[in-house]
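Here is the structure we will look at, set down as structure tokens.
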Amino acid sequence: MCYEHEISDTISHRDTLPPPSVLQHVVDVHCHPTDSEIPVKSMDNLPIIIGVMSTFQADQGLVRDLATAFPDKVVPSFGYHPWFTHWIALAPYESKENHYRRIFKDADEHPEAFQKLLAHLPEPVTLRTVLEDVRQNLMAFPSAMLGEVGIDRAFRVPYDYFSSPGELTPFNVPFEHQLTILEAQLDLAAELGRNISMHSVKSQMATVELLDRMADKHGEHWMKISIDIHSCGFSPQTWLSIEKRHPNVFLSLSTVINSRSPNHRALIAACSSRRILVESDCHKIEDCTQCTWDMVLIVAEVKGWPVESSWEEVVDESQQGVVRRLENNWKEFVQGNHAGLSKIIKRTARER
């Protein structure tokens with residue numbers, strides 16, 4: 001059958017998933033299924049590949065175990081999320097309370113809130129211990145990424161992260177503290193040659209400056225790896241400036257986060273066809289496939305790409321559908337080695 005007869009318009013796909021022959025080429029580049037119970041049957045039936053994130057000390061082992069049990073379906077990521085960076089001490093500390101008072105400099109302004117929060121906070125772990133843990137996990141899994149790591153200016157610390165519904169404190173994690181921990185993890189990724197899944201909220205210019213700084217600091221070692229700005233909320237203008245200067249930076253989008261704002265369609269339209277990825281950002285394994293597929297359809301609509309309803313191994317480039325294009329982007333992301341592109345971009349800039 002001719003390939004063009006096996007492609008339908010995106011609207012007709014809204015109520016159903018494509019066959020397994022298509023789904024096996026879909027990659028959910030960022031999700032958190034270890035936040036919930038994961039039935040073995042759900043993993044056995046999972047038709048897509050998932051990039052599973054770690055966030056804090058307790059779930060690094062959960063991600064490790066899932067990747068060990070399902071190596072063909074799971075790309076593990078190890079790292080410490082900005083929402084938990086107040087649990088990390090940059091240097092040895094005198095006591096738990098002393099550490100958290102150093103983090104929350106306005107603790108004396110909210111004494112009752114601080115004492116209530118302190119009862120729920122864990123004993124801090126040192127940055128040195130964190131980096132040793134991430135290093136060991138990355139070295140144990142040659143295909144593992146660093147993630148989820150990042151910076152977040154909007155986050156307010158809850159009294160008890162694990163309670164539902166949660167109650168927020170008046171405290172924020174100091175941005176410089178987040179940034180110090182992030183940069184230490186990025187240095188490790190550059191050293192080990194590992195790709196990165198990065199969180200950036202209300203931090204567009206800080207992220208631009210960080211990427212510039214890392215490129216200057218690590219040079220070709222940085223260009224060997226790829227960075228994904230996950231559930232990217234940047235303006236199209238900010239993204240285009242990053243895309244031009246940093247050939248190793250990609251973005252991924254999720255319906256869970258990005259569909260809250262119409263900006264995500266403008267971002268998809270602006271983004272290079274070769275730099276876009278999709279994700280679910282889901283916390284339940286049963287939701288990952290559908291949520292990822294929903295974003296695949298949105299990308300197809302905005303980019304004007306056809307949607308595959310079956311799979312052909314060989315297809316003319318002019319007839320490639322959205323799944324094949326996104327799979328190729330993922331392969332380029334995994335492969336890395338963007339140093340040659342960086343030189344071309346710099347040479348072009350000098351010639352202008």
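Computed from heavy atoms alone, side chains included, the values below leave out hydrogens, waters and symmetry copies. Positions are given from 1 along the sequence.
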Would you mind reporting whether [Y] and [X] have side-chain heavy atoms less than 4.5 Å apart?
| X | Y | answer |
| --- | --- | --- |
| Trp293 | Val323 | yes |
| Ile38 | Met43 | yes |
| Leu23 | Pro18 | yes |
| Gln115 | Glu97 | yes |
| Asn258 | Asp281 | no |
| Pro247 | Arg275 | yes |
| Asp212 | His246 | yes |
| Cys282 | Val256 | yes |

| query | Of Trp87, Phe78, Tyr80, which meets ring-ring contact (aromatic ring centres under 6.0 Å, His included) against Phe56? | reply |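 Answer after filtering Trp87, Phe78, Tyr80: Trp87.
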Quiz item: Is Arg213 paired with Glu183 through a side-chain N to carboxylate O contact shorter than 4.0 Å?
Solution: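 A salt bridge links Glu183 with Arg213.
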- Query: Do the charged groups of Arg128 and Glu132 touch, with an N to O distance under 4.0 Å?
  - Reply: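 Salt bridge present between Arg128 and Glu132.
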Greater than 12 external heavy atoms within 6.0 Å of [X]'s [atom1]:
| X | atom1 | answer |
| --- | --- | --- |
| Glu37 | CD | no |
| Lys73 | NZ | yes |
| Gln57 | CD | no |

Of all the heavy-atom pairs spanning [X] and [Y], show the shortest one and how long it is.
| X | Y | result |
| --- | --- | --- |
| Phe250 | Arg274 | CE2-O, 3.4 Å |
| Leu253 | Cys232 | CD2-O, 3.4 Å |
| Val149 | Gly79 | CG1-CA, 4.1 Å |
| Met198 | Leu182 | CE-CD2, 4.0 Å |
| Leu326 | Ile276 | CD2-O, 3.4 Å |
| Val27 | Thr292 | O-CG2, 4.1 Å |

Does the side chain of [X] come under 3.5 Å of the side chain of [Y] through a donor N or O and an acceptor N or O?
| X | Y | answer |
| --- | --- | --- |
| Glu286 | Ser42 | yes |
| Ser259 | His264 | no |
| Arg102 | Asn98 | yes |
| Gln204 | Thr238 | yes |
| Thr126 | Thr129 | yes |
| Thr207 | Ser200 | yes |
| Asp294 | Gln290 | yes |
| His30 | Ser252 | no |
| Glu148 | His32 | yes |

With rounding to the nearest 0.5 angstrom, report the [atom1] to [atom2] distance, [X] to [Y].
| X | Y | atom1 | atom2 | value |
| --- | --- | --- | --- | --- |
| Ser254 | Arg260 | OG | CZ | 8.0 Å |
| Gln185 | Ile196 | CD | CD1 | 9.5 Å |
| Met214 | His221 | CE | NE2 | 14.0 Å |
| Asn137 | Ser54 | CG | OG | 7.0 Å |
| Phe234 | Ile229 | CZ | CD1 | 5.0 Å |
| Ile225 | Phe333 | CD1 | CZ | 9.0 Å |

Shared hydrophobic cluster, [X] / [Y] (ILVMFWY, side-chain heavy atoms < 4.5 Å):
| X | Y | answer |
| --- | --- | --- |
| Val278 | Leu17 | yes |
| Val134 | Ile227 | yes |
| Ile242 | Met223 | yes |
| Met295 | Leu251 | yes |
| Val296 | Val75 | no |

Legend entry - Ring-face cation contact, Phe175 with Arg153, 6.0 Å cut, 45° max: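 Yes, cation above the ring, under 6.0 Å and within 45°.
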Going by the angle between their ring planes, with limits at 30° and 60°, are [X] and [Y] parallel, tilted or perpendicular?
| X | Y | result |
| --- | --- | --- |
| Trp311 | His25 | parallel |
| Trp83 | His199 | perpendicular |
| Tyr93 | His99 | tilted |
| His81 | Phe84 | perpendicular |

Looking at [Y], is its backbone amide N or carbonyl O close enough to the side chain of [X] to form a donor-acceptor pair, meaning the two atoms are under 3.5 Å apart?
| X | Y | value |
| --- | --- | --- |
| Glu243 | Cys271 | no |
| Asp28 | Ser280 | yes |
| Asn195 | Met145 | no |
| Lys96 | Leu118 | yes |

Can Ile268 and Glu301 be said to form a side-chain contact (heavy atoms from CB on, under 4.5 Å), step by step?
CA-CA 10 Å; Ile268 293 169; Glu301 285 183 354; over 6 Å; no
Between Arg135 and Leu192, is the side-chain contact (heavy atoms from CB on, under 4.5 Å) condition met? List the steps.
CA-CA 8 Å; Arg135 179 187 292 274; Leu192 299 179; 3.9 Å; yes
_Worked verdict on Lys303 versus Val322 for side-chain contact (heavy atoms from CB on, under 4.5 Å)_ = CA-CA 9 Å; Lys303 289 294 193 185; Val322 61; over 6 Å; no
Next on the checklist: Between Val52 and Ser77, does the side-chain contact (heavy atoms from CB on, under 4.5 Å) criterion hold? Intermediate values first, please.
Outcome noted: CA-CA 6 Å; Val52 180; Ser77 293; over 6 Å; no
